[in-house]
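A quick write-up on the structure given underneath.
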Protein chains: 2
Amino acid sequence: MRTDTTFKRAFNDMIEIIRTLDLGEELPSENALRAQLGVSRTTVRKVLAGMAARGIIISEGHRRIMCEQPQQKERYPKEETLAISEQVETSFMEWMLRGDASPGTEINETELARKFGVATTIVREFLNRFQKYGLIEKRQNAGWVFKGFTAGFALELFEIREMFEMRSARLFAALPDGSPIWKQIQVMRAAHLELLADIDARYQDFSELDSRFHRLITAVAPNRFIESFQDVIAMVFHYHYQWNKRDERARNEVAIKEHLALIEALESRNVASIDRACRLHLTSARETLLRSIMQ
Amino acid sequence: MRTDTTFKRAFNDMIEIIRTLDLGEELPSENALRAQLGVSRTTVRKVLAGMAARGIIISEGHRRIMCEQPQQKERYPKEETLAISEQVETSFMEWMLRGDASPGTEINETELARKFGVATTIVREFLNRFQKYGLIEKRQNAGWVFKGFTAGFALELFEIREMFEMRSARLFAALPDGSPIWKQIQVMRAAHLELLADIDARYQDFSELDSRFHRLITAVAPNRFIESFQDVIAMVFHYHYQWNKRDERARNEVAIKEHLALIEALESRNVASIDRACRLHLTSARETLLRSIMQ
DNA sequence: CATATATTTCTTATGTATAAAAAACAGGGG
DNA sequence: CCCCTGTTTTTTATACATAAGAAATATATG
């Protein structure tokens with residue numbers, strides 16, 4: 001049966017909302033909370049009931065008022081807020097990248113389900129979705145085969161990435177001054193500079209910024225297939241480097257500087273400069289990944 | 001519970017194998033049949049048992065001999081040889097392309113399962129796999145949305161297709177004389193000429209040839225992401241034109257000629273000619289699809 | 001001993017069940 | 001009449017069950 005992770009996540013979020021209120025203040029309507037929390041009203045009501053049961057709020061006729069600051073310890077732990085399907089993703093990545101699997105390994109749905117402690121349905125669904133990352137392959141009426149997180153994989157990945165990203169970057173040369181993208185590029189540059197200034201402490205924040213940066217560039221001319229491919233890239237970087245921390249700080253610092261150079265090139269509107277900066281960054285990212293895969 | 005479509009398909013295939021034997025001749029071993037039929041020995045044995053039950057073959061100690069020509073009417077009908085998941089694909093495509101769905105339509109797993117007469121699990125699994133075609137999108141904790149088989153879709157599709165195909169075609173310019181691909185190209189040219197010579201009767205065979213041709217070009221330098229994208233293209237052409245037969249003969253004749261021109265360009269090894277022929281074909285294919293979508 | 005068949009075990013494909021979440025519906029107050 | 005809360009209905013996420021198919025193991029035969 002379905003887990004109540006949505007409820008727990010909403011509950012945790014609600015704690016933050018309540019913290020902004022004063023004692024005795026009235027809570028927003030269920031509908032308003034629904035919008036804020038991004039869940040259904042059904043779940044909002046369940047959260048409110050939970051809050052009332054804990055004495056954090058009190059129902060008075062048709063309104064609810066806050067009567068006690070919620071404690072941080074009331075929060076549900078992070079793991080319980082992740083849908084089973086999300087947990088499976090992490091488990092699988094760990095299984096894969098920790099080296100339990102070498103290229104050609106057969107993947108057994110039942111065995112994975114046992115190992116991860118979930119139903120086979122979930123594993124099966126996950127594998128179906130995961131197929132798009134190009135790391136596994138299905139054989140009719142049999143299981144899946146793990147193709148390996150190999151240099152070949154990285155090269156094929158980057159061949160496509162280069163095509164897509166160069167395509168988007170070049171379009172900046174013809175982008176009118178008035179485009180709202182330029183403003184977002186400015187914001188992006190600021191974020192990079194900020195991170196760079198505090199790189200020693202915050203270098204781990206780069207992964208997420210990287211993904212946002214590349215998605216922004218792509219957004220000049222949206223294409224669903226390119227966007228979908230960015231999920232592949234994001235997955236690779238997110239998980240691979242999560243299990244391979246070597247030189248992380250240095251790696252990220254270099255990448256930030258390359259991003260800044262690319263931003264400058266984009267703003268110059270000069271196709272040749274854009275090409276150069278973009279290719280430089282992609283080449284460097286590819287080499288870094290390859291080196292890291294080869295150990 | 002699982003359907004026995006594998007058995008039925010193997011049974012039909014076995015009929016063809018038996019037809020090549022003489023009365024009283026001994027059948028190949030179970031293992032040999034397994035390899036020929038491409039199924040497990042378990043299934044082979046089930047098929048053999050079925051044949052024996054119908055008196056087509058007879059077991060004599062540890063060998064089986066053929067004792068009666070199987071009738072064509074013994075064959076299981078085509079529908080029964082398709083796995084449920086394959087049937088769902090067809091049903092869904094029909095539902096989508098017949099116009100039951102307009103852009104923005106919400107897709108309801110339960111309803112589709114009812115409509116198609118299958119379990120929700122199957123529909124769910126199908127939708128997960130189908131997601132890669134870029135026509136549907138999932139919303140968290142809610143159903144799917146059909147994004148529409150629109151002009152926008154076609155344009156995004158062709159933008160990628162152009163990048164990928166030009167990339168592969170250009171690589172031919174540097175392909176050594178000795179590459180086995182050239183021979184395959186020759187075979188491909190012959191197949192095109194043959195089809196062209198008999199175009200009035202066989203124009204419907206083009207769809208499959210088209211897919212093979214483009215996959216061959218891509219095969220110069222394999223890339224799993226490009227290959228996966230070709231599934232998207234194949235799906236679009238296969239199903240879309242299956243429900244939109246207007247000008248099919250003329251369309252296909254034009255495409256065949258463009259393919260032949262591209263083959264010639266590839267063999268010339270001249271990048272400029274290759275570019276021109278490739279772009280010409282893709283542009284024409286795009287316009288044809290767009291016209292067809294717009295009706 | 002190699003290869004064939006018989007038997008057993010394991011895995012996948014597909015169906016059904018159910019709690020959680022979403023959505024729809026209904027009455028009530030400002 | 002709009003928006004709020006209470007209630008009911010649908011739908012999804014997840015678990016579990018089982019027949020078909022694949023794979024492994026055992027046994028037989030030349």
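Letters A, B, ... mirror the listed sequences (proteins, then strands); counts begin at 1.
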- Message: Please determine whether a side-chain nitrogen or oxygen atom of B/N108 lies at a distance below 4.0 Å from atom OP1 or OP2 of D/dT11.
- Response: yes
- Just to confirm, is there a sub-4.0 Å distance from OP1 or OP2 of D/dT14 to any side-chain nitrogen or oxygen of A/S85? yes
Could you state the atom-to-atom distance from [atom1] of [X] to [atom2] of [N] in whole Å?
X      : N      : atom1 : atom2 : value
A/R114 : D/dA15 : CZ    : P     : 15 Å
B/E111 : D/dT12 : CD    : C1'   : 14 Å
B/I84  : D/dA19 : CD1   : P     : 16 Å
A/R129 : D/dT14 : CZ    : C1'   : 13 Å
A/E109 : D/dA15 : CD    : P     : 15 Å
B/L127 : D/dA13 : CG    : C1'   : 14 Å

Residue list, side-chain hydrogen bond (donor to acceptor under 3.5 Å, both in side chains) with [X], at least two apart or on another chain:
X      : result
B/R212 : B/E208
A/R41  : A/E30
B/Y239 : B/E89
B/D210 : B/H214, B/H259

- Would you indicate what A/R63 reaches in the nucleic acid, counting non-hydrogen atoms under 4.0 angstrom: base, sugar-phosphate, or nothing? nothing
- Determine the contact category for B/T110: base if any of its heavy atoms lies under 4.0 Å from a base atom, sugar-phosphate if only primed atoms, P, OP1 or OP2 are that close, otherwise nothing. base
- Out of D/dT12, D/dT5, D/dA15, which has the shortest distance to the side chain of B/R124? D/dT12
Scan nucleotides 23-25 of chain D against the protein and return all N/O pairs shorter than 3.5 Å with their distances rounded to 0.1 Å.
from   : atom 1 : to    : atom 2 : distance (Å)
D/dA23 : N6     : B/T42 : OG1    : 3.1

What pairs with [X] under side-chain contact (heavy atoms from CB on, under 4.5 Å), at least two apart in sequence or on another chain?
X      : answer
B/R19  : B/I15, B/E16, B/Q69, B/P70, B/Q72
B/T121 : A/T121, B/A119
B/A32  : B/P28, B/S29

- Task: With a 4.0 angstrom cut-off to heavy atoms of chain A, pull out the first and last contacting nucleotide of DNA chain C, in 5'-to-3' order.
- Result: C/dT11 to C/dA24
- Query: Does any residue of residues 1-30 of chain B have a heavy atom under 4.0 Å from DNA chain C, and if so, which ones, in number order?
  - Reply: B/M1, B/R2, B/T3, B/S29, B/E30
- Applying salt bridge (charged side-chain N to carboxylate O under 4.0 Å, His left out), name anything that partners B/K46, two or more places apart in sequence or on another chain. none
- Not counting sequence neighbours, which residues clear salt bridge (charged side-chain N to carboxylate O under 4.0 Å, His left out) with B/E227? List them please. none
- Task: Evaluate salt bridge (Lys or Arg N to Asp or Glu O under 4.0 Å) for B/E60 paired with B/R64, printing each intermediate quantity in order.
- Result: CA-CA 6 Å; B/E60 230 177 39; B/R64 295 153 302 272; over 6 Å; no
- Task: Mind telling me whether B/F237 and B/Y241 have parallel, tilted or perpendicular rings, with 30° and 60° as the class edges?
- Result: tilted
- If each of B/A83 and A/K46 is mapped to the nucleotide of DNA chain C with the nearest heavy atom, which maps nearer the 5' terminus, i.e. the 5' end? B/A83
